[in-house]
Amino acid sequence: MAEATEKGFRLLTRGLIKDNPTFRMVLGICSTLAVSNRMTNSLAMSLGTTFVIVSSSLSVSLLRNYIPKRVRMAVYTVIIATFVVCVDLYLKAFYPLISKQIGPYVGLIITNCIIMGRCESFASGNKPGPSILDGLGVGMGYSFSLILISAIREPLGFGTMMGYQVLGSWWTPWILMVMPPGAFLVLGLYIWVLRTIYPEKK
Amino acid sequence: MKGLIRKSLDLCYGWLEKSPLKPLKPLLNAADGFFFRGAEVTEAAPHLRDGINLKRMFIFVVFAAMPSALAGIYLFGWRALWVILISYVVGLGLEVVFAAVRKEEISEGAFVTCILFPLTLPPNIPLWMVGVGIFMGILFGKEVFGGTGHNIFNPALVSRIFLYICFPAVMTGNWIRPMEGWGGFIKYSGDLLSGETLISASLPQAGDAVTAATPLTDFKATGELAPLWDLFWGNVSGSLGETSAILILLGGLFLIITRIADWRIPLSYIGSFVIFAFIFHGINPEKFAPVGFQLLSGGLLFGAFFMATDPVSGPFTKGGRWFFGIICGLLTVLIRGVSGYAEGVMFAILFMNIFSSLIDELVLSYRYKEFRR
Amino acid sequence: MKERLMIAAVLLLVSIASALSLAAINNVSFPVIQRNQERQFKVALLKALEIPFDSEMPEKAYNIQIEEKSTEEGTLYLTHEDNQKDLPVTGVAFMLKGAGFWGPLSLIVGLDPADMSIRGLEIFEQEETPGLGARIEEKAFRDQFKGKQIEKKIIVQIKGAATGPNDVSAITGATITSKTLEKIINETSRPYIEAMRSLNNG
């Protein structure tokens with residue numbers, strides 16, 4: 001039992017730093033660059049993406065014995081797209097303001113390689129339990145990186161945090177940090193730091 | 001005197017070898033190089049490409065930029081000196097840190113970057129912004145690529161474009177008129193004083209007044225043309241070191257005569273600029289200003305002589321240099337005329353920096369077709 | 001043969017399941033989403049005409065006070081004295097559209113038909129640079145338009161202070177967005193003004 005718990009824990013946490021999808025595998029960059037300029041957008045995007053990863057991993061894992069090999073990608077895409085549209089409609093209906101800001105990028109969760117990657121490489125060969133944990137772990141890793149990036153971009157770019165003024169009126173906003181190129185710089189710095197602390201094993 | 005410095009430097013070398021401060025050796029090397037122009041030649045890449053002793057090169061470029069820097073002080077006050085000093089302190093500080101971490105010598109490129117960058121700034125830029133700009137420019141323009149000789153872009157222009165995109169209000173909105181008579185040599189700063197008022201001016205409040213637009217912005221907004229004579233001497237509002245055409249020409253010619261800069265790039269750049277500006281002005285005089293005005297205004301001359309000639313980020317083949325300059329000229333004319341920006345020199349040079357190695361590659365493979373089967 | 005049938009069956013089933021669940025969710029969320037979108041427009045319109053409303057229920061004020069009048073040139077939104085349709089018109093609003101720096105830019109202009117002066121200007125849709133062009137949404141900037149004559153050319157001054165009677169100061173650094181706004185207002189409002197005239201005469 002202890003062994004199983006430990007394994008589950010490892011599945012859950014490895015996405016945070018060691019196999020972080022954004023910083024280590026450099027996947028899902030499009031949405032990372034686009035939405036991470038405000039913390040609220042990042043949180044919404046993180047929750048949405050994590051929901052999609054977990055639920056599509058679960059579905060794929062449940063269906064794994066019935067999906068024919070030759071059309072598995074098509075089936076995955078249909079499953080993922082279904083959940084993404086759910087998230088999109090949900091945001092549009094209940095959080096119109098957030099939806100307006102990150103609108104197009106919610107739809108683009110479908111093309112986020114992280115999700116397809118988890119379905120293909122993990123969920124299709126594992127039981128539902130571990131697949132959920134794995135999806136949750138990777139989703140948390142993605143969320144973690146989004147939060148880290150917007151923790152730098154929002155204060156520098158707007159002088160705010162979660163919409164609250166944290167830097168006084170003396171602060172001149174750095175417009176570059178609001179725009180996607182700013183995310184490139186911040187993302188690059190994080191990757192630099194992480195690669196220096198945890199060098200890649202040859 | 002000279003012997004004394006030499007002796008104390010040698011003493012320091014010996015002491016440093018044993019002390020825990022060993023990582024600071026690059027700093028001492030730089031001091032050595034400064035006083036004695038370096039006994040040994042740098043082994044880094046750019047000199048391989050260009051065949052010029054780097055230590056001599058950097059000091060010459062700084063000399064060449066001196067007239068423009070002095071003009072900056074004369075026209076806009078002693079505050080210009082602070083802008084330059086801060087650029088040096090922050091830029092060299094960062095360079096020392098990286099040299100120490102990487103256990104390399106301090107590269108002389110930083111000396112050049114730190115003088116060229118402030119000369120492209122508006123005179124009343126807040127001082128902290130200068131520091132931020134040079135820091136980001138050297139970090140992202142040079143160090144992340146592996147230091148001098150490995151950078152793709154001209155670090156001085158990276159610094160400037162960073163500020164330009166981050167703080168457009170300050171970088172494009174608030175210019176000051178140059179001073180009259182003895183002007184800047186007896187004054188600290190121009191009329192729109194101190195960066196402190198600027199900081200608040202750049203914060204949300206609709207409708208800040210622009211004190212004095214640059215000639216190019218003026219043309220873009222109203223179609224007015226500044227007198228050529230003023231542009232030639234530098235008696236217009238603009239960046240610290242970019243207003244006086246005559247002084248830039250002086251420095252530029254010095255660079256070319258001493259063979260620090262290759263004459264092909266400025267010639268092809270300015271030449272193609274003049275030709276294209278002439279053609280486009282003929283087609284649409286409302287959007288494209290007359291040639292003489294365009295030639296002398298903005299950062300064209302400064303960019304052509306000091307920025308485009310950077311041996312690291314520009315091409316090194318002769319044919320490549322011609323091509324580089326010609327496309328830069330065309331892009332500058334187009335950006336000035338058609339885009340929303342009033343000035344296009346910075347964008348043109350940075351854009352062409354991307355293609356430098358590709359251009360070289362093409363030129364070489366064309367030249368040595370037979371050997372490259 | 002059997003394998004092919006299996007593939008077709010799985011694909012069909014997955015697609016049907018996906019379609020059904022999405023249809024169900026859409027059924028629930030569609031009215032909410034539609035209300036959100038209309039509400040956003042109605043709020044902007046009420047604000048442009050300076051009509052007070054209950055922010056929980058803007059539809060109420062809108063239904064009572066606004067008359068939609070479609071003309072050949074486009075829809076005019078009218079308010080009448082005492083909200084009686086046969087009494088004189090006290091306010092007219094219409095929507096102007098154009099291309100902004102990054103994407104579509106649309107705004108609602110509210111007019112006082114007595115002297116053809118602007119009552120209020122609301123930005124309905126914009127994708128300008130946050131912190132720069134997007135600042136056209138700020139009240140301080142928009143309020144400058146109040147009282148300007150729509151029939152004369154409105155000038156957004158990017159150089160020097162706004163001194164003329166129909167001048168407005170641009171947002172510092174956001175020359176392009178400011179000038180685009182000027183262009184949209186001056187060039188696309190003509191047909192609506194014509195429509196208003198024929199309304200008054202007819």
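In this structure, chain A has no heavy atom under 4.5 Å from any part of C:Q34. Contacts of C:Q40 with chain A are made by side-chain atoms alone, with heavy-atom separations under 4.5 Å and no backbone atom involved. Of the two parts of C:S21, only the side chain, counted from C-beta on, holds a non-hydrogen atom closer than 4.5 Å to a non-hydrogen atom of chain A. A:L89 touches chain C through backbone and side chain together, each having a heavy atom under 4.5 Å away.
C:T177 and C:E128 are linked by a side-chain donor-acceptor pair at a separation below 3.5 angstrom, with hydrogens and angles left out of the test. Side chain to side chain, A:Y142 and A:S31 meet the donor-acceptor criterion of an N or O pair below 3.5 Å.
Rounding to the nearest 0.5 angstrom, the gap separating the CD1 atom in A:I67 from the CG atom in C:L11 is 9.5 Å. The CE atom of A:M25 sits 8.0 Å away from atom CD1 of A:I114, with the distance rounded to the nearest 0.5 Å.
In A:Y105, the OH atom is not crowded: 12 or fewer heavy atoms of neighbouring residues, nucleotides or ligands sit closer than 6.0 Å. Dense packing is recorded around CH2 of A:W192, with more than 12 heavy atoms of other residues, nucleotides or ligands lying under 6.0 Å away.
Side chains of C:F141 and C:Q144 form a contact here, defined as non-hydrogen atoms less than 4.5 Å apart.
Contacts of residues 68-84 of chain A with chain C at a heavy-atom distance below 4.5 Å involve A:P68, A:R70, A:V71, A:A74, A:V75, A:V78, A:I79, A:T82, listed in sequence order.
Cation-pi geometry between A:R38 and A:F158 is satisfied (NZ or CZ under 6.0 Å from the ring centre, within 45° of the ring normal).
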